[in-house]
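Have a look at the structure below before the remarks.
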Amino acid sequence: MPAIKIDTQNLSISRDLSEKWQQVLDLLAKIVDIPAALIMQKQAPRIKVFLSSHSQGNPYEEDELADLDTGLYCETVMSSRKELLVPNALKDPDWDHNPDIKLGMISYLGMPLIWPNQDIFGTICVLDRAENPYSPTHKQLLSQFRSMVERDLHQVYHDMAREQEDAILRADEAERVRREFESLRAGERKALQALRESEERWHFALEGAGDGVWDWDIAGNAVFLSTRCRQLLGLNDPDTGAFKLWHTGIHPDDLPEVQAAIKRYQRQPEGPFTSEHRFRSQDGWIWLLSRGMVVGRDELGRPSRMIGTYSDISQRKQAESELQQLNSHLEDRVAKRTAELKQAMQQISIAEKQAALARMVAGMAHELNTPIGNILLSASVLHADLKSIIHVDEAKQLSRGNLQEFLRKAVETSELLQRNSELAGDLIGRFKLIASDQLKQPKRAFKPAQTLAQLTRSLLPPKHYPNVQLTLEAPHDLQIENYPGALEQLLSHLIANSLAHGFDGHNRGRIDIQLQAQQATLLLRYSDDGKGIAPELQHKVFDPFFTTQMGQSGVGLGLAMVHNIVHTILKGEIRLDSAPGQGASFTISFPPNQL
């Protein structure tokens, strides 16, 4: 496989990552209490403001461009790949002429942002209008945020690398399959060419003097055979009345068909007459081709005379038999290559499943990154504030105002810690549900009609959902031995999906649930009359972390858990049928009794 080369200049940052960086950038500016916190991106020969904190007094606007080689703070950080601290540029002869002074920014703290392949992405920095040496805590905060951004850059880089690797593998496999089929087609063309050459040789022979001529007097029941014809038929008697000898020389198995063909032709003598049959010879049986046509009729218009030729086609028949055997071998080779292709496709399927698993893990890491990053950041801030208030107290300079301000910030930070901890816990719980298997589900005998009825009453009580019409049809006496908990989870996620996405959270619509027993299979149909799912999204709805309402409700795990329950626990299959404006229907088939 050729080496993967990633052009980091053309790698795009997703909107989700940008929004996450923006949130923490705003929080950083607020905590450090400075007017500007920036993420800069190198776009040689310029540098661009990729993100800018939404803080008061910030003169930098997103997507603003500046030329390099002009003495910018960030230019030095990118070239040296080291942290840069300028407490007061006005007092520093190395920086008292840099362009940011014109914007009033005289202090600067920045760090480089580097791709995994060591390309420079840009910088992350904070700037102030006043002299600011930036405390160790502030440097630590900036360093932690830089690490979080570089982790995200690492993920973006390696996602692209995996996509390129997958594309190369698919292209290599497609080329191998193409070569195999080209080889098969070449063999087929060679066999056809051999057949054409054989036919051309026999055509040339027929045009020569090697064919025997016969002349049949139908009315007199006599036949004339030329010398070559008698040689072909193995007849030594030159008597022209050798019709009986000619007739009795045809193979018994072929004689009825030859006689029937002659009678059909005599009734409707249109075009030439042809017949292929075996004829007795000194060495056994030979194949002959008889061709003729009517050349005389009686007063009633009935055929009275036919003239034709006899050709020995034994070699042609042998060639056809060999070709048939060749085709048989060719079919075996095609079947073998088809089996190899099927195995290759299975390997590709396994590789795609592994890639899907990697994307799922990457998605989980992406979702957990924000709450965990906020937890770390909040913990660091709380720790720094605690050390500061202890220091003030030890110096006996603690005032009531200092204590109240500390307590207010501590409450805000604690609330942030709690919210993000709960979010991380919820995400981990959902991830565990995706990875659940049937060993964690209690199996017992139960009546699914009762289970589904109890669940729908608890999930959709008429008091709380007066505008949701629900119909449930299931055999009341049907009893199965399966996993009722899995069935309840499955239906809960489908109902939640209808309420959140199908009905757009308006709690107004219709849901139909049908359970049918079909021989050794249970068929569960769940449908709603919501807004439906666009065709281009239908193949993605069962993917973990796919959602059309990012940041509004859920993280896109509901239908992924439904798919996992159906295949892993219930050992069944699920099919989606939907169209925009026509609702969504899920058809689930699974065995009623688990072994």
Side-chain angles (χ1 to χ4, degrees), residues 6-32 34-86 98-100 102-105 107-128 134 138-139 141-160 366 369-370 373-374 377 550-551:
I6 306 297
D7 182 8
T8 54
Q9 291 291 331
N10 294 323
L11 282 180
S12 61
I13 305 301
S14 68
R15 181 178 180 181
D16 292 343
L17 284 181
S18 297
E19 291 176 353
K20 181 180 74 173
W21 294 354
Q22 184 67 58
Q23 291 175 6
V24 183
L25 202 66
D26 294 340
L27 184 60
L28 180 65
K30 182 178 180 181
I31 293 173
V32 182
I34 44 88
L38 310 175
I39 291 181
M40 306 294 291
Q41 183 181 20
K42 181 180 179 181
Q43 292 185 349
R46 293 184 174 185
I47 187 170
K48 183 181 80 170
V49 179
F50 184 78
L51 291 175
S52 179
S53 61
H54 301 154
S55 47
Q56 186 174 3
N58 186 354
Y60 302 96
E61 296 184 0
E62 189 172 325
D63 295 329
E64 183 179 348
L65 293 171
D67 293 330
L68 294 175
D69 297 326
T70 57
L72 295 170
Y73 297 122
C74 292
E75 185 175 347
T76 298
V77 174
M78 291 190 298
S79 61
S80 66
R81 297 180 179 240
K82 295 181 181 179
E83 172 188 321
L84 174 63
L85 171 63
V86 181
N98 79 84
D100 291 291
K102 297 178 181 179
L103 300 176
M105 296 300 171
S107 71
Y108 174 88
L109 173 61
M111 298 178 183
L113 294 174
I114 303 175
W115 289 100
N117 66 347
Q118 300 306 307
D119 285 350
I120 284 291
F121 174 84
T123 66
I124 178 172
C125 59
V126 292
L127 300 98
D128 200 351
Y134 300 100
H138 294 161
K139 294 180 181 180
L141 287 174
L142 189 64
S143 178
Q144 287 183 358
F145 185 33
R146 170 203 181 190
S147 298
M148 184 186 76
V149 173
E150 289 190 337
R151 283 196 300 271
D152 291 338
L153 292 176
H154 186 278
Q155 186 64 48
V156 171
Y157 181 90
H158 286 284
D159 284 347
M160 177 58 69
H366 170 73
N369 201 19
T370 297
N374 287 339
L377 186 61
M550 180 64 66

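One-based numbering along the sequence shown. Predicted, not measured: the structure shown is a model, and the values here were computed from it.
Leu11 CG to Met160 CE: the interatomic distance, rounded to the nearest 0.5 Å, is 5.0 Å. The distance from the OG atom of Ser143 to the CD atom of Glu150 is 9.0 Å, given to the nearest 0.5 Å. In this structure, CD on Gln144 lies 6.0 Å from CG on Leu141, to the nearest 0.5 angstrom. In this structure, Lys42 NZ and Lys48 NZ are separated by 15.0 Å, a value rounded to the nearest 0.5 Å. Distance check: Leu17 CG to Ser12 OG gives 9.5 Å after rounding to the nearest 0.5 Å. The line from CG of Asp159 to NE2 of His154 is 10.0 Å long, rounded to the nearest 0.5 Å.
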| request: Would you sort out whether Leu142 and Met111 count as a side chain to side chain contact (heavy atoms under 4.5 Å, CB included), showing the intermediate values? | output: CA-CA 8 Å; Leu142 189 64; Met111 298 178 183; 4.1 Å; yes
| task | Determine, stepwise, if the pair Ile13 / Leu153 fulfils side chain to side chain contact (heavy atoms under 4.5 Å, CB included). | result | CA-CA 8 Å; Ile13 305 301; Leu153 292 176; 3.9 Å; yes
| task | Start with the C-alpha gap between Asp152 and Trp21, add the side-chain angles, then the distance that decides, and say whether side chain to side chain contact (heavy atoms under 4.5 Å, CB included) holds. | result | CA-CA 10 Å; Asp152 291 338; Trp21 294 354; 2.9 Å; yes
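When all heavy atoms are compared, the tightest approach of Cys125 to Met40 is SG-CG, 4.4 Å. Taking all atoms of both residues into account, the shortest heavy-atom contact from Tyr134 to Lys139 is O-CE, 3.8 Å. Of all the heavy atoms in Leu72 and Pro99, the pair that sits closest is CD2-CG, 3.8 Å. When every heavy atom of Leu84 is checked against every heavy atom of Tyr73, the shortest pair comes out as CD2-O, 3.6 Å. Across every non-hydrogen atom of Asp128 and Ser107, the tightest pair is CB-OG, 2.9 Å. For Met105 against Tyr60, the heavy-atom pair with the smallest separation is CG-OH, 3.5 Å.
Within the 4.5 Å cutoff, the side chain of Glu19 has heavy atoms near those of the Arg15 side chain.
In this structure, Arg146 contributes its side chain and Leu113 its backbone to no donor-acceptor pair below 3.5 Å. In terms of modelled atom types and a separation under 3.5 Å, the side chain of Asp26 and the main chain of His54 share a donor-acceptor contact. In this structure a side-chain-to-backbone donor-acceptor pair under 3.5 Å is missing from Ser55 to Asn58.
Using cut-offs of 30° and 60° for the angle between ring planes, the Phe50 and Phe121 rings count as perpendicular.
Judged as a side-chain hydrogen bond (donor to acceptor under 3.5 Å, both in side chains), the pairs with a partner in residues 117-127 (not counting sequence neighbours) are, in order, Thr8-Asp119, Asn117-Asp119. Within the structure, the salt bridge (Lys or Arg N to Asp or Glu O under 4.0 Å) test picks out no pair touching residues 75-85 (sequence neighbours left out).
If you run side chain to side chain contact (heavy atoms under 4.5 Å, CB included) between Cys74 and each of Ile124, Ile47, Val49, Leu38, only Ile47 comes through.
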Under 3.5 Å, sequence neighbours excluded: what are the donor-acceptor pairs made by side chains of residues 63-70?
unit_1, atom_1, unit_2, atom_2, d
Glu64, OE1, Glu61, N, 3.1
Asp67, OD1, Arg46, NE, 3.2
Thr70, OG1, Asp67, O, 3.0

